[in-house]
Amino acid sequence: MSSEGGKEDCLGWAARDPSGFLSPYKFTRRAVGSEDVSIKITHCGVCYADVAWTRNVQGHSKYPLVPGHEIVGIVKQVGSSVQRFKVGDHVGVGTYVNSCRECEYCNDRLETQCEKSVLTFDGIDADGTVTKGGYSSHIVIHERYCFRIPENYPMDLAAPLLCAGITVYTPMIRHKMNQPGKSLGVIGLGGLGHMAVKFGKAFGLKVTVFSTSISKKEEALSLLEADHFVISSDLEQMKAIAKSLDFIIDTAAGDHPFDPYMSLLKTGGILALVGFPSEVKFSPASLNLNMRTVSGSVTGGTKDTQEMIDLCAAQKIYPNIEVIPIDYANEALERLIKRDVKYRFVIDIENSLK
């Protein structure tokens with residue numbers, strides 16, 4: 001165990017190299033500033049970003065690396081100028097912990113688009129330190145980037161909202177995919193996809209789930225209450241629903257063809273891409289002839305995130321999770337790679353990180 005010096009006041013689990021193997025690690029959090037809150041972390045969701053960054057998939061990971069950006073906890077200390085939170089409040093922290101607070105995007109509360117937005121882990125903060133995420137005992141953060149979790153919303157279930165939930169909610173709101181009676185297709189049924197189904201149903205949409213695996217049919221229709229299920233590799237099934245969808249949310253991370261899905265959109269239909277395949281390729285005719293739109297999106301700003309959390313609490317929209325102890329984190333990441341989870345791991349930090 002090591003730290004960058006000073007009092008090692010935080011216990012976490014970190015990867016030390018691109019093997020991605022996580023083990024206990026002590027380090028120092030910054031002192032609580034006048035506009036900061038210190039949060040005792042109770043739960044942290046496990047996102048595919050935790051795999052990618054711990055294993056240096058993008059080539060810029062900085063070790064030791066403490067992952068985790070679906071953070072939920074209890075406020076244990078507030079700075080002298082904090083207005084929005086008090087000790088004891090339930091709060092969440094998502095994928096970013098700082099931004100410039102001055103640009104047009106920050107002014108519109110689209111902080112994810114700020115050029116100086118700082119990631120919750122493996123980012124470079126304003127003071128030059130490397131940020132460390134939620135696989136840890138506590139975190140200190142500016143109050144702007146904290147979200148209020150209603151007291152009646154279970155804290156373990158709140159964690160996946162901070163990345164998986166907001167990643168699909170943001171494009172749905174931006175493109176007005178909340179109009180009852182409209183039709184939504186969801187590609188991929190993982191952490192993001194299952195939240196897209198839940199939001200679609202809550203918005204009164206007719207939801208169709210696409211998968212290459214027939215094994216997903218029962219869970220899509222019975223567990224998640226989607227209206228229809230289509231095997232995307234079955235040309236007859238796909239042809240039968242041509243030009244029937246108003247919207248598609250594409251959560252698939254692996255490479256896949258786009259033209260077959262584009263053909264399912266009505267004139268003026270919208271495909272929102274939230275996954276990261278290695279390339280996006282489709283015929284111009286798929287786009288132009290029916291005035292369709294392809295749009296990208298990542299997580300969401302502070303305004304949309306708080307609105308989403310409040311909606312989930314009001315309408316009792318809950319992710320499906322598997323709660324695990326911190327010492328199962330390595331196995332969880334391996335299972336996540338194999339897509340062996342329904343549908344989000346959540347680490348019980350409070351009861352297992354000792």
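- Open room surrounds OH on Y105; 12 or fewer heavy atoms of other groups in view lie less than 6.0 Å from it.
- Note on ring orientation: taking the six-membered ring where Trp is involved, the planes of Y261 and H256 are perpendicular (angle over 60°, cut-offs 30° and 60°).
- Here the side chains of K216 and V209 are not in contact, with every heavy-atom distance at 4.5 Å or above.
- We find that R109 and E307 are not joined by a salt bridge, their nearest charged nitrogen and carboxylate oxygen being 4.0 Å or further apart.
- Taking CG of L110 as the reference point, atom OG1 of T302 lies at 8.5 Å (rounded to 0.5 Å).
- For K354, the NZ atom counts as densely surrounded, since its 6.0 Å shell holds more than 12 non-hydrogen atoms of other residues, nucleotides or ligands.
- Under 3.5 Å, the side chains of Y145 and T120 contain no donor-acceptor pair of N or O atoms.
- For the residue pair E219/Y343, the side-chain donor-acceptor check at 3.5 Å is satisfied.
- Between the H175 side chain and the M177 main chain, no donor and acceptor come within less than 3.5 Å of each other.
- With values rounded to the nearest 0.5 angstrom, F210 atom CZ is found 6.5 Å from I187 atom CD1.
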Item to check | Worked check of side chain to side chain donor-acceptor pair (under 3.5 Å) between T28 and D9 | outcome: CA-CA 5 Å; T28 303; D9 63 348; 4.7 Å; no
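- Taking the six-membered ring where the residue is Trp, Y169 and F203 present tilted rings, their angle falling between 30° and 60°.
- No option in V46, L157, L192 other than L192 meets the side-chain contact (heavy atoms from CB on, under 4.5 Å) test with R344.
- Within 6.0 Å of the CZ atom in F276, the count of heavy atoms belonging to other residues, nucleotides or ligands does not exceed 12.
- A donor atom on one side chain and an acceptor atom on the other are not found under 3.5 Å apart for N330 and E334.
- Under the 4.5 Å side-chain heavy-atom criterion for ILVMFWY residues, no single connected hydrophobic cluster contains both I347 and W53.
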Next on the checklist: I'd like to know whether R29 forms a side chain to side chain donor-acceptor pair (under 3.5 Å) with S136, so could you lay out the CA-CA distance, the side-chain angles of the two residues, the decisive distance to 0.1 Å, and finally the verdict.
Outcome noted: CA-CA 10 Å; R29 293 287 190 191; S136 58; 2.9 Å; yes
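- With values rounded to the nearest 0.5 angstrom, L287 atom CG is found 10.0 Å from L265 atom CG.
- For Q58, the CD atom sits in a packed shell: over 12 heavy atoms of surrounding residues, nucleotides or ligands are nearer than 6.0 Å.
- In this structure a side-chain-to-backbone donor-acceptor pair under 3.5 Å is present from D17 to S19.
- The pair K338-E331 does not count as a salt bridge, with every side-chain nitrogen at least 4.0 angstrom from each carboxylate oxygen.
- Around the CD atom of E218, the shell of radius 6.0 Å holds no more than 12 heavy atoms that belong to other residues, nucleotides or ligands.
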Item to check | Chi angles and distances behind the side chain to side chain donor-acceptor pair (under 3.5 Å) call for S23, R16 | outcome: CA-CA 8 Å; S23 58; R16 304 319 206 278; 2.6 Å; yes
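- No more than 12 heavy-atom neighbours from other residues, nucleotides or ligands sit within 6.0 angstrom of NZ on K206.
- By the 6.0 Å contact criterion, CZ on R30 is enclosed, its count of non-hydrogen atoms from other residues, nucleotides or ligands being greater than 12.
- Rounding to the nearest 0.5 Å places OG of S38 at 4.0 Å from NZ of K76.
- Side-chain contact between P319 and V346 is absent, with no heavy-atom pair separated by less than 4.5 Å.
- Other residues, nucleotides and ligands place no more than 12 heavy atoms under 6.0 Å from the NZ atom of K40.
- Between H69 and F121, the ring-plane angle classifies as tilted under the 30° and 60° cut-offs.
- In terms of modelled atom types and a separation under 3.5 Å, the side chain of R84 and the main chain of C146 share a donor-acceptor contact.
- No donor-acceptor distance shorter than 3.5 angstrom exists from the side chain of D304 to the backbone of I166, with no hydrogens or angles considered.
- Under a 3.5 Å cut-off, the side chain of K198 and the backbone N or O of Y318 do form a donor-acceptor pair.
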Next on the checklist: side chain to side chain donor-acceptor pair (under 3.5 Å) for S213 and S215? Distances and angles first, verdict last.
Outcome noted: CA-CA 5 Å; S213 174; S215 65; 2.5 Å; yes
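- Atoms CG and OG1, from L353 and T42 in turn, are 12.0 Å apart once rounded to the nearest 0.5 Å.
- The shortest side-chain heavy-atom distance between D156 and D348 does not fall under the 4.5 Å cut-off.
- Taking CG of N107 as the reference point, atom CD of E102 lies at 8.5 Å (rounded to 0.5 Å).
- Under the 3.5 Å distance criterion, the side-chain polar atoms of T131 are matched with a main-chain donor or acceptor of L119.
- Side chain of S99 to main chain of K116: no donor-acceptor pair is present (N/O by atom type, distance under 3.5 Å, no hydrogens or angles).
- For the pair D259 (side chain) and S283 (backbone), a donor-acceptor distance under 3.5 Å is present.
- Contact check for V140 versus Q77: no side-chain heavy atoms found under the 4.5 Å cut-off.
- The shortest heavy-atom contact between G165 and M308 is C-SD, 3.4 Å.
- In this structure, S352 contributes its side chain and I326 its backbone to a donor-acceptor pair below 3.5 Å.
- When atom types are taken as modelled, the side chain of S34 and the backbone of S81 share no donor-acceptor pair closer than 3.5 angstrom.
- Taking 4.0 Å as the cut-off between side-chain N and carboxylate O, D108 and K303 do not count as a salt-bridged pair.
- For the side-chain contact (heavy atoms from CB on, under 4.5 Å) test with L264, the passing option among L271, L245, T208 is L245; the others fail.
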